[in-house]
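Residue numbers start at 1 and run along the sequence shown.
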Amino acid sequence: MGEGVARPSLAQRAATRYAALGYAVLPLLPGEKRPHPGLAPHGLKHASVDPAALEAWWRACPEAGVGLLPPEGVLVLDVDQGEVWEALRRDFPPLEAAPRQRTPKGGVHLFFRLPEGVRLSASVRALEGVDLRGMGRAYVVAAPTRLKDGRTYTWEVPLVRPEALPPVPQALLLKLLPPPPPPRPAWTPVEGASPARLRALLEAYADRVGRAPEGTRHLTLLRYALAAYGLVGHGLSPEEAEATLLETALASGLPEKEAREVLRWAREVGEAKPLPLDPPGFSANGGVFRKAVCGKPEPSPSQKSVFRKTATYRIGGLRKRRGVV
């Protein structure tokens, strides 16, 4: 080290290691969790792996903390409390092997690789006490950052390159995905799994994919593809499901490679987990599913007998009204 050149701070050395592993970093305000407004005024947009940028940041503020922005295919489970982590590690033993960082509150950050073609929303909180971070959209505070009260972040299982991360356990991933949609649109028969019914369900799912707003199309396709492939066990052709959903996804604006990756993974998972066609808790009348559309079941015959409603009809061009039981 030449005379007059300051030795890199501990935070700068850590930031350089993270960047070398393939994780973008950004400087945090000393003692806090938010990006440094003077060095990274645009937050995540300034996250970088450029050694020159890192050197400039920590030369300007050696006390800055380190924010870590994992790339798109990396999911970080931000478990906010120790008891939540203990329950998760009991229910999902493979979590023990994942790179793990202990947070000042006693929680953990767990790093995983997502299956190709699968994305999750960082705004979703599918598990109590667990936030979804990373995926190129949400950063985490990383060691050796120290907060104002002196508490720090520390690695319990070292971080590795994104491609070397363990995959998210499938049982856990299914809990993080959006729930399958109600399987019966209003115009499909309740009983049985006829080809006509399966086709109507597939078309209903494709319709929802086609109408998904921009920014939600990936997750919408993933949700309804899982549901469609869950019908394969009832007799739906997987090739028909793929062709229909792929055509709709492409027409909605999703890139073909992205859509095909989603469908490939959804088929693998969906076929192994058939979708129940007639779940409990829904009411049907006259062979047509009504509750999902109307918000309430049809009244029973005994209920109908105690209500009267008014109907209007025409006779010879005159409007008349009568009570109808």
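A donor and an acceptor atom, one from each side chain of R211 and S252, are nowhere located under 3.5 Å apart.
We find the CD-CG distance between E203 and L245 to be 11.0 Å, quoted to the nearest 0.5 Å. Going from atom CG of L254 over to atom CG of L246 covers 10.0 Å, rounded to the nearest 0.5 Å. Separation of atoms CZ (R100) and OG1 (T154) is listed at 10.0 Å; rounding is to 0.5 Å.
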Quiz item: Would D131 and R133 satisfy side-chain contact (heavy atoms from CB on, under 4.5 Å), going step by step from the backbone distance to the final call?
Solution: CA-CA 6 Å; D131 290 314; R133 304 296 187 201; 3.9 Å; yes

Quiz item: Which is it for L226 and L177 under the side-chain contact (heavy atoms from CB on, under 4.5 Å) test, yes or no, and what are the steps along the way?
Solution: CA-CA 10 Å; L226 282 170; L177 291 170; 3.6 Å; yes

Practice problem: May I have the step-by-step check of side-chain contact (heavy atoms from CB on, under 4.5 Å) for L120 and L173, ending in yes or no? | Solution: CA-CA 9 Å; L120 300 173; L173 181 58; 4.1 Å; yes

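Hydrophobic cluster of V141: the remaining members, joined at side-chain heavy-atom separations below 4.5 Å, are L26, L28, L44, L69, Y139, L147, Y153, listed by chain and number. As a member of the Ile/Leu/Val/Met/Phe/Trp/Tyr network built from side-chain separations under 4.5 Å, Y18 groups with L21, Y23, V25, L39, L54, W57, W58, V66, L68, V74, V76, F111, V140, W155, L159, V160, L165.
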List, one per line, each side-chain donor-acceptor pair under 3.5 Å for residues 268-276, sequence neighbours excluded.
{"unit_1": "E271", "atom_1": "OE2", "unit_2": "R267", "atom_2": "NE", "d": "2.7"}

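Between R113 and E163 there is no salt bridge, since no side-chain N of the basic residue sits under 4.0 Å from a carboxylate O of the acidic one. The pair E72-R137 fails the salt-bridge criterion, with no side-chain N (NZ, NE, NH1 or NH2) lying under 4.0 Å from an Asp/Glu carboxylate O. Using a cut-off of 4.0 Å between Lys/Arg side-chain N and Asp/Glu carboxylate O, E242 and R260 are scored as salt-bridged.
Remark: side-chain polar atoms of H218 are paired, donor with acceptor, to backbone N or O of R119 under 3.5 angstrom.
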